[in-house]
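In what follows, chains carry the letters A, B, and so on, assigned in the order in which the sequence lines appear, proteins first and then strands, with residues in each chain numbered from 1.
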Amino acid sequence: MRQHPPRDPSPWPLTGGITLGLLLAGGLWLLLLAGQLGRPHPNHQWVLEAWAHKQARAEALPAPRLLVAGGSSAMFGVDSSRLEATFGRPTVNLGVNAGLGLPVILHQTLTVARAGDTVVMPLEYPLFGHRGEVNQVMNDYYLGQPEALLQAWQLYREALPGYRWLPLIASEAFQIVMQTSPARVLQGYRGLPEGFRVTGTYGAHRLDGHGDQTQTSREQRAPWMRTQAVAEAPRRYGAEHERDAPGWALLRHFQARLRDRDACLVLVPPAFLSHPAYREDPDERHFYATLPEQAARHGLTYRGAPHDFMYPPDAMFDTDYHLVDEARQRNTRKLIEVLTAEQALESVVECPRTPVEERVAG
Amino acid sequence: MVFSSYSFLLIFLPLVLMLYALQVHDRISSALLMRGLIVASLTFYALWDWHYLPVLVASVVVNHALGQRITASRNRAWLVLGVAFNLCLLGWFKYRLFVAETLHRLLVPEWAAPSLQLVLPLGISFFTFQQIAWLVDLWRRQVALPSLTEYAFFVTFFPQLIAGPIVHAREMLPQVRYRWPAWQLGTFAAGLALLCLGLAKKVLIADPLDAPVGELYAKAASDAPPGGEVPWLAGFGYGVQLYFDFSGYADMAIGLGLMLGLKLPVNFASPYKSRSPIDFWRRWHITLSHFLRDYLYIPLGGRRRRYLALMLTMLLGGLWHGAGWQFLLWGGLHGAALCLAHSWARRVGWRWPGWLAVPLMLGFVMLAWIPFRADSVDSALHLYQALGNAWQWRPELQWPHQGWPLSGLHGQLTGMVVLGLAIALLLPSSQQWIAGWRTAMTRHDPVRARRALVGVGMLCGVLLFVVLKQLYAQPEQAFLYFEF
């Protein structure tokens, strides 16, 4: 009997199989990821210890205080005891790591701020343009501190109008799921190695009583540190910045939350490595020159000109945001000048409304 | 654009498959499909570097014109001109710097070294060889003259354009002339599975080896004396990386061909299971082996001048891979091994038992990869010299880490090599897997065929997820054979 060739089967079993395979693999990965959430990891232990140190210092001080908040540029670039002596206000340096991202920095500061406090924020430039990109530092941190991720998402929901927060949250979740490596998950399950201690340049063991970084003199800077600090190609913050990035909405919301408890926010330039491109490239020059103006349009107070806070290579410690101790004094002096220019610090504490804010409030 | 990229997998390939689906559902003709695939292939090529698109197009047009002359006049001069044209094109782009540097060193070393810039059009080694083979086949009347469209399709078909397999017109053109595409779900599914397997080989095994292997070879180029384990790690590490990268690419190419209704030739058949050099060259880069045999070894005399023809073929084969003396060294090693194997077979005839032959052959092949990967003969020799340190566990020779020789980088590399070798030696080849699944998916029993389709689909889904996840976090990495 002649055998007829088999009829081509329906494509649905193949399609169904592919879908099932994708769901199976994706589901298993999510389970593995979820199983190690909240486990400690060596990479961010120094951040947790540094933050605990600073938080304890802040809690111990009576309000009204001066809170220096931001990333590690603040930690390396501000002499808090000098600010304390100049303004007669207990001062604590809350700066830790800009790599943690704007939501984490803002949330951490909000947990500490009390009535009457002034938050001085030398915020690293890319944070103004925060738009939900999860870098490696944030990824690691969120896996170890999942509550920080939920707090960040809560901030988005409060700060962003309508449903603008939804794609941001979805994007961050997707990034974390896709860019976490199997090795990182394995490390999460293993936890901290026995006898693990934070050592090296960063951590609570290198902070003074005000939360400032110590042991950062030129003498203590190893040659490789200086090389590393100046090896970075010039940043392209100006070219990459988006005028309506969610970072601005987060800062506005942050300011509003501070005002609700009678506290105040002053943005100032961070200490940063100078580069000819930051004055010669049109995009970069425009960005730094107009940043205070941009902040004012968002109803934020920005004191000082970014270009004035850029320093030569020899002033840098180990990255293009970290100053050596000798340069820290110069930076702190400039900070004091901008905080006291035009009006006394007390006036800044009163947070006078700018004309833009009055229009918004109206 | 590479196959293992988001842009290819999520944009380019779906668009191509949509075009294919239009023809399968009789919305467009096969001729239009062919033209569409030519445009897609040229776009694929141009996305890498559009500056060299004219080189590819000119090569296709000129070769076809020469083929017309060969067919019309039957004058051997046209064949010679055609082969010379292709070799000159290859020589100009690939070898002029090597020739200039060699002549400079030999004749006028006191002059400043030539400072030519060398930029290689992608896939030039492959599409010139493919067209040389076509011209010779045309002369030998083994293939009829195709139209320019068919010929352009044959040369530029994107799955095999950049890094093979080297396809013969007599294999490919009959497929497109008669009932193409003849849609069969089982064939499509087998192609998809092969594509996914190839992706997994490249992204999950080959790509992670790139950095540690690169670090080993970079340090070999320095003056620091390497420890005894280093040449073994360097050879085995690169051997595993190259195999999974290249055979992964071949799987993807063949898989894409099947998905588009075309059968491309197999290029790898578990080469690391070889028992002899002769066996190895029947399993490694099979289409290149056949090309070298048919168009170089036999014209050079074949069995009549076996050893001379073998050595010359392998030296030129080495040089084809790269313009450098280290490639000649690699080719020479394999040529010598082949001569030894043939001599042994003729004079002694005793076959080595598998348990001895396979490890010996594996060791030879892996150590022979050292000059293939090294940036110069000096670096390769520097590594070979370290073989003498194998039995000396002096701490100062444990480099780059003191103490336990398999710590850190070396430990990581050893683990990856062992995993790669276990897969290469213990599992069936991807072609064997696919052959089995294809039989199951095209069974007369519809229930079993459906089950097989679901199973293959699930495998593809799992592999696709894992590969896409891995690709998300890592930069696009070109295939190693793109450099050739």
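- Rounding to the nearest 0.5 Å gives a distance of 11.0 Å between CG of B/Leu463 and CD1 of A/Ile18.
- A 6.0 Å sphere centred on CZ of A/Arg164 holds more than 12 heavy atoms belonging to other residues, nucleotides or ligands.
- Only the side chain of A/Trp29 has a heavy atom closer than 4.5 Å to any heavy atom of chain B.
- Residues B/Met458 and A/Leu24 have side chains in contact (heavy-atom distance under 4.5 Å, counting atoms from C-beta outward).
- With a 6.0 Å radius and a threshold of 12 heavy atoms from other residues, nucleotides or ligands, B/Arg177 has its CZ atom above the threshold.
- If you measure heavy-atom distances from A/Thr19 to chain B, you find no contacts under 4.5 Å at all.
- Heavy atoms closer than 4.5 Å to chain A are found in both the backbone and the side chain of B/Phe465.
- Across all their heavy atoms, A/Gln179 and B/Lys469 have their closest contact at C-NZ, 4.4 Å.
- When side chains are defined from C-beta on, A/Gln175 counts as touching B/Tyr472, because their heavy atoms get closer than 4.5 Å.
- Around atom CZ of B/Arg451, no more than 12 heavy atoms belonging to other residues, nucleotides or ligands sit under 6.0 Å away.
- B/Val454 is not listed as a side-chain neighbour of A/Leu14, based on a closest heavy-atom distance of 4.5 Å or more.
- Remark: A/Tyr163 OH is loosely packed, at most 12 non-hydrogen atoms of other residues, nucleotides or ligands lying under 6.0 Å away.
- Proximity to chain A is limited to the side chain of B/Leu192, based on heavy atoms less than 4.5 angstrom apart.
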